[in-house]
Amino acid sequence: MSQNAITPTREQDFPEWYQQVVRAADLAENSEVRGCMVIKPWGYGLWENIQRQLDAKFKETGHVNAYFPLLIPLSYLEKEAEHAEGFATECAVVTHHRLEARKQPDGSTKMVPTGELAEPFVIRPTSETIIGAAFARWVESYRDLPLLINQWANVMRWEMRPRLFLRTAEFLWQEGHTAHETAEEALEETRLMHRVYTDFLRNHLAIPVIPGEKTENERFPGAVNTFTVEAMVQDRKAIQAGTSHYLGQNFAKAANIQFLGRDNTRQLAHTTSWGVSTRLIGTLIMAHGDDDGVILPPRIAPSQIVILPVTPKPDTRQEVIDACEALAQTLRVQTFHGEPLRVHVDKRDLPGGTKNWEWVKKGVPLRVEIGPRDISTRSVAVSRRDQGPKAKEFIPKEDFLQSVVERLQDIQDGLLARATAFRDANLHKINTLEEFQAFFAEGAPGGFALMHWAGSNEEEDRLAKEMKVTIRCIPLGDTHAEEGQCFLTGRPSTRRVVFARSY
RNA sequence: CGGGGCGUAGCUCAGCCUGGUAGAGCGCUUGCUUUGGGAGCAAGAAGUCGUCAGUUCGAAUCUGGCCGCCCCGACCA
């Protein structure tokens, strides 16, 4: 048996490691439909926690949930040219509404689509257009604004190269859509949700991000401005973990979202949209996982604590299981960040080592073992997922009950600290084209390059094509604001931007 | 849509060159042994060898068509 649970290691082959971890942790699997995944209970449990906690933040900031149709009339996509073009190459189209059973000469039956639709429907790749149409009906007066709506849904984008969680043809997400009276208010909404994402990634997923603005090239199709949260994962590549778009009046114009203003004139609303998807789960795996599987931040782990009964002898088995159940009950009364502790007792009749390794691979923050000896000494054996798989601390049960919340928080903080240290160690200020090329050269470690940039869209495109490096974002705030010269054109620049390879 | 590769048990694959009608490891089931640990031994279940056609006495194996999948590019949360 090898030292690590996952083969290959991250060092040997990162993409393959990722796939093996998804499988070993039982998070999801590919389905028979290309590009679509089956999210298994452990993976879906993560999504449920992400969903619940983010949803609470949306509600706190004044949003309400609604649901809009999966199918969008084709004509809706013709209303905003830039938006339509951006998604045109990845749309699944519904053209028929019934099937007819036709007997084949060999006796088998073939189902043949019939009943062609007069107007085809597009399966939503995103819902700006159909929600815009609803907003147009709902908004009449400035008194109807702001309209602050969110929907939890699935969307479909026919991707060429799917990868579990990171890029699937169908994925789950939330999309916020809001309409406002003024540009300032809409822009503030865009920024607010951008901050909500930054905070969620940092404090719930323990992933530090660089919040920033996208360049024109990288913007959402149809947006005036796109804000992004960019994370670094362990192969030093960037991943866009969430976006918040200021749409100006582009979509209001396309969908005719008009209202009668305070001055009694008809005006177009200013809209926003923002979203995060199941890609967060992929980001989480790549940010925290190690060569033994995933490592889950306690705040979003489906089970934060797994109790493993150690039952060496049949005659003490029931006593041990009872002690485990009793401990679980005591723990469930406690709360972590306002939610009752999620505790699971693994009573399956399997060798202890097998069960232990399974939970290591699944990334449970705390594993607790109780055996006959521990019952007599009133102690428990505690293992932390952020330490080695064999590390074990024997502590009095009472002490454990006292300190469990603190321990979970310590793991949560440790993960963030580790990810931040890694990100910072691979974030470099670079000034010249030569250094830039060396930084992203084949075989070089790579990372985030902070560069002065004042090039054109075409020059940015050229770098993307030649070097496979893109501007991930123009960081917000003062941190990277400084005078300098563009590394490519020599033109003056007032701040550094983040260049990186990305997912 | 271009360039490469592959379809054999739930998974990973061997067998194909040199046709004779199916194998391994892991997993699964059962029994015994073991038990602070991803255990051992034994028995067992499981595949119309992607599909259609051709060659042949005989095809997983040779030939051709079709279908599907994977990897590398363009697209992308």
Side-chain angles (χ1 to χ4, degrees), chain A residues 1-7 13 15-16 19-20 23-24 29-35 85-91 104 106 108 125-126 153-163 165-175 197 214 217-221 226 228-231 238-245 273-283 292-293 308-317 320 346 348-361 367-375 377 379-381 383 389-390 392 394 461 464-465 468 470 472 502-503:
Chain A
M1 195 42 73
S2 66
Q3 289 248 294
N4 302 311
I6 306 298
T7 311
D13 184 347
E16 181 61 23
Q19 291 193 32
Q20 293 304 326
R23 187 217 279 253
E29 62 189 23
N30 277 310
S31 77
E32 39 283 275
V33 181
R34 184 187 141 79
E85 268 173 49
F87 287 102
T89 58
E90 43 187 305
C91 285
Q104 300 299 107
D106 68 357
S108 65
T126 178
N154 56 343
V155 288
M156 180 157 260
R157 298 179 188 178
W158 210 265
E159 297 293 350
M160 284 298 144
R161 190 165 311 154
R163 283 183 75 190
F165 292 117
L166 298 174
R167 194 178 301 114
T168 45
E170 179 189 13
F171 57 94
L172 305 183
W173 78 345
Q174 62 63 216
E175 47 182 325
Y197 289 153
K214 283 290 186 191
N217 281 10
E218 301 278 329
R219 255 176 226 153
F220 176 75
T226 288
T228 177
V229 286
E230 296 286 327
I239 185 162
Q240 180 173 312
T243 46
S244 183
H245 314 290
S273 70
W274 29 274
V276 296
S277 71
T278 36
R279 176 179 250 202
L280 285 177
I281 296 173
T283 306
D292 290 318
L308 297 157
V310 179
T311 53
K313 293 187 193 93
D315 54 315
T316 53
R317 187 180 152 81
V320 168
D346 186 355
R348 291 174 304 162
D349 183 21
L350 286 173
T354 304
K355 290 201 283 188
N356 191 46
W357 274 104
E358 206 174 281
W359 294 112
V360 169
K361 288 184 278 193
R367 306 188 302 283
V368 178
E369 297 173 18
I370 299 181
R373 246 186 276 152
D374 306 309
I375 293 177
T377 59
S379 66
V380 291
S383 301
K390 309 264 177 178
K392 203 186 277 193
F394 288 88
D461 269 339
K465 283 229 164 66
K468 295 185 184 175
T470 49
R472 300 320 303 157
S502 72
Y503 277 93

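Note on naming: letters A, B, ... go to the chains in the order of the sequence lines (proteins, then strands), and numbering restarts at 1 for each one. Remember, predicted model here, so these are calculated numbers, not experimental data.
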Inset, instruction - List the protein contact pattern of nucleotides 29-35 of chain B with one symbol per nucleotide (5' to 3'): B for base contact, S for sugar-phosphate-only contact, - for none; contact means a heavy-atom distance under 4.0 Å. - result: ------S
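Considering only residues two or more places apart in sequence or on other chains, W158(A) meets the side-chain hydrogen bond (donor to acceptor under 3.5 Å, both in side chains) condition with none of them. Taking the salt bridge (Lys or Arg N to Asp or Glu O under 4.0 Å) definition, one finds that R472(A) meets it with E218(A), E230(A), sequence neighbours left out. With sequence neighbours excluded, the residues forming a side chain to side chain contact (heavy atoms under 4.5 Å, CB included) with K361(A) are A5(A), A24(A), listed by chain and number. Residues that satisfy the side-chain hydrogen bond (donor to acceptor under 3.5 Å, both in side chains) test with E16(A), not counting sequence neighbours, are Q20(A). Scanning for side-chain hydrogen bond (donor to acceptor under 3.5 Å, both in side chains) contacts around S383(A) gives an empty result, with sequence neighbours left out. Considering only residues two or more places apart in sequence or on other chains, K313(A) meets the salt bridge (Lys or Arg N to Asp or Glu O under 4.0 Å) condition with none of them. Not counting sequence neighbours, the partners of T377(A) by the side-chain hydrogen bond (donor to acceptor under 3.5 Å, both in side chains) test are S379(A). Evaluation of the ring pair (Phe, Tyr, Trp, His ring centres under 6.0 Å) rule for F220(A) yields H83(A), F87(A), H245(A) as partners, not counting sequence neighbours. Not counting sequence neighbours, the partners of V155(A) by the side chain to side chain contact (heavy atoms under 4.5 Å, CB included) test are R124(A), F171(A), W173(A), E175(A).
Nucleotide G68(B) has C6(B) as its partner under the Watson-Crick or G-U criteria, with both atom distances under 3.5 Å. The partner of U21(B) is absent, by the rule that a Watson-Crick or G-U pair needs both atom distances under 3.5 Å. For C76(B), there is no paired nucleotide, since no Watson-Crick or G-U wobble pair has both relevant distances below 3.5 Å.
For the pair K392(A) and A169(A), both in contact range of RNA chain B, the more 5′-proximal nearest nucleotide belongs to K392(A).
L166(A) comes within 4.0 angstrom of a base, heavy atoms only. In this structure, Y503(A) reaches neither bases nor backbone, as no heavy-atom distance under 4.0 Å exists between it and the strands shown. Within the 4.0 angstrom heavy-atom criterion, base atoms lie near T168(A).
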Please write out each protein N/O paired with an N/O of nucleotides 73-75 of chain B under 3.5 Å, distance rounded to 0.1 Å.
residue: G73(B); atom: OP1; partner: K468(A); partner atom: NZ; Å: 3.3
residue: G73(B); atom: OP2; partner: R161(A); partner atom: NH1; Å: 3.2
residue: G73(B); atom: N7; partner: R161(A); partner atom: NH2; Å: 2.7
residue: C75(B); atom: O2; partner: E159(A); partner atom: OE1; Å: 3.4

Between protein and nucleic acid, restricted to nucleotides 6-11 of chain B and to nitrogen or oxygen atoms under 3.5 Å apart, what atom pairs and distances do you find?
none

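For the pair E29(A) (side chain) and R23(A) (backbone), a donor-acceptor distance under 3.5 Å is absent.
Rounded to a whole Å, the CZ atom of F220(A) is 12 Å from the P atom of C76(B).
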